[in-house]
Number of protein chains: 2
Amino acid sequence: MAVTLKDVATLAGVSVKTVSNVVNGYAFVKPENRRRVEEALAATGYRPNVGARNLRRGRTGFLALMVPELSIPYFGELAGLVITAAQRRGWSVLIEQTQGTRTRERATVDSLGPHLVDGALVHPEALESGDFPDPEKGIPMVLLGEHAVDVELDRVAIDNVRAAHAAVSHLVSLGRKRIAAIGVNPRRGTASLRVAGYRAALSDAGLSVVDSLMEPADKYHRANGAAAMKRLLSLPEPPDAVFCFNDLLAVGALRSVAERGLRVPQDIAIVGFDNTDESAFSLPSITTIAPDKAAIADAAVDLVHARIAGTEQTPPHEVQPPFSLEIRESTAGVGTAAGGTPAA
Amino acid sequence: MAVTLKDVATLAGVSVKTVSNVVNGYAFVKPENRRRVEEALAATGYRPNVGARNLRRGRTGFLALMVPELSIPYFGELAGLVITAAQRRGWSVLIEQTQGTRTRERATVDSLGPHLVDGALVHPEALESGDFPDPEKGIPMVLLGEHAVDVELDRVAIDNVRAAHAAVSHLVSLGRKRIAAIGVNPRRGTASLRVAGYRAALSDAGLSVVDSLMEPADKYHRANGAAAMKRLLSLPEPPDAVFCFNDLLAVGALRSVAERGLRVPQDIAIVGFDNTDESAFSLPSITTIAPDKAAIADAAVDLVHARIAGTEQTPPHEVQPPFSLEIRESTAGVGTAAGGTPAA
DNA sequence: GTGAAAGCGCTAACAG
DNA sequence: CTGTTAGCGCTTTCAC
């Protein structure tokens, strides 16, 4: 069926080795032979069998990327960037979805044998420290996103505490006093870091942390943001600002505020997280924490590459790409809230 | 390093064959041997080498999915569903991005050797008929999305002409007379089908097709929708309704209408296409054509599967999954436009 | 039922 | 510089 090295060799009247040398760009091949091989290559339309080559070389040519769901804009965008970054290193990317459940994350993480992929980029949501396979064995793995898990792995994530602090401080600078948070999910790694930043910013501003203003969200989807915001709005003393732990929650919150007949940012200011494309075009557009996603993707790919190449033998490394606060309509152009929000 | 079949065999004191039989669930193995093998399997933590297995079996276990960009919500959502569908068939999915350029699409399409993947799902944007490798040779390939290309391949796509017709007819039923279209890109396969549906619906309604109301869009991104809408709004006789060829364009259009101080749907009604999650939460939410994406993903995977298994030897097949018109705020609750739009 | 041996397509020694 | 020879880890005849 398919053309093999041997076929080409026979046709060119040389040995398999010589053909292999030509295919792999080995320099020292007699010009005459090279010409004949190249002719035979063209004539047969030979394509190397990647599987066989990798079996021999002991590598696979694949990189795995584990994410909760590709339909979540942040992960769609990130995956796109990872694929691009991996391509530069000659890798194809295999995507695994876990829906953010611990069971599936664990299953994925230890199905990632060295035969399937050369390395993995994993963005866990619910994984706990003990769930990881022994880093000594198994393939190089880098963790994406900051997490509370304590495991000896390379990581790439922006400084979530500082980012959350920046977001909330921005709200404070607008004169807001009752600043809520949506996405306060205790069982979620990243969430605890953002909560820490939120608390710190409030206390730096002399504001007290009010439990009823901290809304959990089972999933970080639009609908959950809308539901959480509805609950906040029915509080005896509703918030005058909300920090949502991702843009999707913010989009949902926006809708609930509008349905209640209130205005953003005049009545309620909103800040999101992730700077997904969507947040720049919503009405109003959403102020958000903008992690440098391309830098995240590049750093992650570079890290696995270093581990695989053995360049990096040092203990696990943590890379913190930069982020910025993207100020948009959902917090812009207004100072203190219009309504009489009583000071805490 | 890694445990091989042979290691397990040695430990269990049986031959490689027996271990292989157990691993592959072959029924007739002496219970005693089965037990010992299973013990050895557990003790060593054996994991089959997928590469070697596939080399032997002549398959790879991978399916390729070619899309323009994962950061476009429609493709992110679709890719997620494809991965899920493929998983049920035991395939891992490899994603290739082309940015929708013909060069990269062509390069991708003919780099997809039989050694790399068992089959491919391709969603071209700019590919032309001659760009495809000979379907006889090469791997099974199914085309995603409707296209003007004439090539002997299985396809999966909703009926774009009928869908566009439904969208525009809905606008007509609202009493709109000057119905614009955004995304009218001559060099784009799907676009021409949607234009056909648009024209047909207008003519069915006795409305004339006005060239200046047909806006192209270089890319189907939010920014392009916004720009196109701006141009439409500066027309001497602006439209009272717009059919956008995807939701992203519609989101952009929404913003330009709002910035102009006009209301949706009262002044301008908007219909999108794709039913991305975003369209259900925008303000206002967007009426859109909702293709059954899960059905698309399933059908596509089933089709390659049938080709690979050889079940399907018949000539190329076209599957048209269902779609529906999802009526939302951007066209709801109003009849004829408020303003005095002159009849055409 | 199970073992031995061949070989999938390729690359890495090692001679020549 | 190039040919020959082993095997990467697995499945698969084919005997026993």
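Chain A is the first sequence line, chain B the second, and so forth, proteins listed ahead of strands; every chain is numbered from 1.
- Taking atom CG of L55(B) as the reference point, atom P of dG9(D) lies 12 Å away to the nearest angstrom.
- Using a 3.5 Å distance cut-off with no hydrogens or angles, the side chains of D118(A) and T60(A) do pair a donor with an acceptor.
- Counting heavy atoms of neighbouring residues, nucleotides and ligands inside a 6.0 Å radius, atom CD of E39(B) exceeds 12 of them.
- Between R59(A) atom CZ and dG9(D) atom C1' the separation is 18 Å, expressed in whole Å.
- A donor atom on one side chain and an acceptor atom on the other are found under 3.5 Å apart for S71(A) and E69(A).
- In this entry the distance linking CG of L5(A) with P of dG7(D) reads 20 Å, nearest Å.
- Heavy-atom distances to DNA chain C give each of T18(B) and R57(B) a nearest nucleotide, and the one nearer the 5′ end belongs to T18(B).
- Between the P atom of dC10(D) and the CG atom of D7(B) lies a distance of 9 Å, rounded to the nearest Å.
- Rounded to an integer number of Å, the gap from CZ of R53(B) to C1' of dG9(C) is 19 Å.
- Between S15(B) and dG3(C) there is a side-chain polar atom (N or O) within less than 4.0 angstrom of OP1 or OP2.
- Distances shown here put a side-chain N or O of N24(A) below 4.0 Å from the OP1 or OP2 atom of dT11(C).
- What separates CG of N21(B) from P of dT12(D) is a distance of 10 Å, to the nearest Å.
- As rounded to whole Å, 20 Å separates atom P of dT12(D) from atom NZ of K6(B).
- Residue K17(A) is classed as a base contact, given a heavy-atom separation below 4.0 Å to a base.
- At least one donor-acceptor pair under 3.5 Å links the side chain of T108(A) to the backbone N or O of R104(A).
- Residue contacts for N54(A): at a heavy-atom cut-off of 4.0 Å it reaches no nucleic acid atom on any strand shown.
- Residues K30(B) and P48(A) each lie close to DNA chain C; by heavy-atom proximity, the contact nearer the 5' end of the strand is made by K30(B).
- Atom-to-atom, CZ of R36(B) to C1' of dG1(C) comes out at 15 Å; the value is rounded to the nearest Å.
- As judged by a 4.0 angstrom heavy-atom cut-off over every strand, V16(B) is placed among the base-contacting residues.
- Side-chain rings of Y220(A) and Y74(A) stay apart, their centers remaining 6.0 Å or farther from each other.
- Of the candidates dG3(C), dC10(C), dC10(D), dC10(D) carries the atom nearest the Y46(B) side chain, counting heavy atoms from C-beta on.
- The base of dG7(D) sits with one of its N or O atoms less than 3.5 Å from a complementary donor or acceptor on the side chain of R56(A).
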